[in-house]
Amino acid sequence: MTGRIIKGIAGFYYVAVEGSGIYECKAKGLFRLLGIKPLVGDIVDIEITHEADREANIVKIHDRTNELYRPAAANIDQMILVTALAEPDPNLRVTDRFLIQMKRQGIKVVLIFNKLDLADAKEAEEFRKIYTDAGYDTLLVSARDPACIEAVKERLSGKTSAFTGPSGVGKSTIVNAIAPDACMATGEISRKLHKGRHTTRHTELFVVSEGTYICDTPGFTSFIPEDMEKEDLRFCFDEFLPYEGKCRFNGCVHENEPECAVKEAVEEGELSRVRYESYLSFLRELKEREKNRY
Ligand code: GDP
Ligand code: ZN
């Protein structure tokens with residue numbers, strides 16, 4: 001039987017098999033020997049050891065399309081980055097920080113701007129435009145509007161999506177509206193464990209419909225990946241790419257160098273100034289970090 005790991009707790013993996021429900025699985029010692037750790041999102045073959053108790057062994061992990069470290073999950077098709085348009089007010093720097101992180105992981109992003117009902121419509125459009133101009137797929141929504149939830153659902157259809165973003169922006173509200181029975185799987189697992197609620201939160205996959213999954217990630221703050229150099233940062237801003245190689249200096253980081261095509265484009269209004277300022281602030285942060293390394 002083939003299924004998908006939807007959750008991992010203390011050496012147990014919960015595998016959802018379409019049409020058959022959830023099995024509590026252990027990974028064969030073979031994987032430990034090979035140094036492979038099953039991940040939430042993995043597609044696995046299982047062998048049932050006890051049908052009545054719904055216990056099984058994971059005997060094979062299928063090849064992964066990708067492997068993310070934040071969240072720790074495999075086979076995620078896209079990240080849904082949620083930002084609130086109000087309460088809390090949108091913060092470009094926070095959004096950009098998440099975007100850099102995801103760019104580094106090489107994963108497609110859909111930007112959801114939520115709480116449209118609390119925002120000024122014109123300001124909301126302006127904020128959105130910064131990101132559509134930067135090449136992102138964006139959506140303005142209010143989690144309380146069923147039509148908006150339908151639009152989000154369409155984006156998720158047939159894919160495995162992970163929701164991320166700062167706390168308070170409405171991630172849980174959106175996820176609950178999309179998959180009201182998402183907690184069903186959780187209940188089933190706690191019954192299986194014969195234990196109370198777990199205090200630590202784990203990455204978890206919810207089945208929305210056949211082939212459509214949502215990855216609920218424990219809250220985390222955005223950060224700039226440890227292995228990132230200041231020379232890498234400009235490649236995380238897609239809108240800068242058409243100007244790459246057009247600056248006077250090779251390897252121009254678009255800061256203080258003369259005859260910089262990116263700076264000129266900002267002056268001409270071809271590139272967003274706020275995004276460029278966001279870039280500069282991260283560049284400074286990376287320089288500071290590099291200085292402190294030695
Ligand atoms: P999370 O921390 O990102 O999961 O955010 P929550 O889903 O817990 O939402 C935080 C608060 O914002 C809750 O009180 C929600 O009811 C509220 N909220 C979420 N989405 C919307 C929205 O579109 N409009 C309004 N007015 N409130 C919302
Ligand atoms: Zn430049």
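We're numbering straight along the sequence, starting at 1. Remember, it's 1-based here, ligands and their atoms both numbered in the order they're listed.
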Quiz item: Among all protein non-hydrogen atoms, which one is nearest to atom 2 (O) of ligand 1, and what is the separation to 0.1 Å?
Solution: Gly168 N, 2.7 Å
Exercise. Give the single entry among Thr173, Val82, Leu118 that approaches atom 13 (C) of ligand 1 most closely by any heavy atom.
Key: Thr173
Quiz item: Taking the six-membered ring of Tyr23, is NZ or CZ of Arg54 closer than 6.0 Å to its centre and within 45° of its axis?
Solution: yes
Self-check item: Winner among Asn114, Thr83, Asp145 once heavy atoms are compared against atom 20 (N) of ligand 1
Solution: Asn114
Quiz item: Any luck finding a side-chain donor-acceptor pair between Thr2 and Asp45 under 3.5 Å?
Solution: yes
Quiz item: Are any of the N/O atoms in Leu116 less than 3.5 Å from those in ligand 1?
Solution: no
Practice problem: Test Lys230 against Glu290 for salt bridge (Lys or Arg N to Asp or Glu O under 4.0 Å), laying out the working first. | Solution: CA-CA 8 Å; Lys230 64 178 188 300; Glu290 283 175 28; 3.4 Å; yes
Quiz item: Any idea which protein heavy atom is nearest atom 14 (O) of ligand 1, and the distance to it?
Solution: Arg144 NH2, 4.8 Å
Practice problem: Look at atom 12 (O) of ligand 1 and say which protein heavy atom is nearest, naming residue and atom and giving the distance to 0.1 Å. | Solution: Lys115 NZ, 2.9 Å
Quiz item: Under a 4.0 Å heavy-atom limit, does Asp117 contact ligand 1 with its side chain, its backbone, both, or neither?
Solution: side chain
Quiz item: Hey, which of Glu285, His254, Met228 is the one that makes side-chain contact (heavy atoms from CB on, under 4.5 Å) with Leu233?
Solution: Met228
Quiz item: When you measure from the Zn ion (ligand 2) to each N, O or S atom of His254, which atom gives the shortest distance?
Solution: ND1
Quiz item: What is the ring orientation for Phe282 with Phe237, classed by angle as parallel under 30°, tilted 30 to 60°, or perpendicular over 60°?
Solution: tilted
Quiz item: Is any NZ, NE, NH1 or NH2 atom of the basic residue among Arg4 and Asp42 found under 4.0 Å from an Asp or Glu carboxylate oxygen of the other?
Solution: no
Quiz item: Would you call Glu257 and Arg248 a salt bridge, taking side-chain N to carboxylate O under 4.0 Å as the test?
Solution: no
Quiz prompt | Criterion side-chain contact (heavy atoms from CB on, under 4.5 Å) against Tyr279, the qualifying member of Val253, Val274, Asp96, Val262 | solution = Val253
Quiz item: N/O of Gly170 under 3.5 Å from N/O of ligand 1, yes or no?
Solution: yes
Self-check item: At the Zn ion (ligand 2): angle between Cys260 atom SG and Cys252 atom SG, to 10 degrees
Solution: 110°
Quiz item: Looking at atom 18 (N) of ligand 1, would you say a protein heavy atom lies below 4.0 Å from it?
Solution: yes
Practice problem: Kindly confirm or rule out an N or O of Ser167 lying under 3.5 angstrom from an N or O of ligand 1. | Solution: no
Quiz prompt | Residue, atom name and distance, where the atom is the protein heavy atom closest to atom 23 (O) of ligand 1 | solution = Ala143 N, 2.8 Å
Practice problem: Mark yes or no for whether Thr49, through its side chain, and Glu55, through its backbone, hold a donor-acceptor pair below 3.5 Å. | Solution: yes
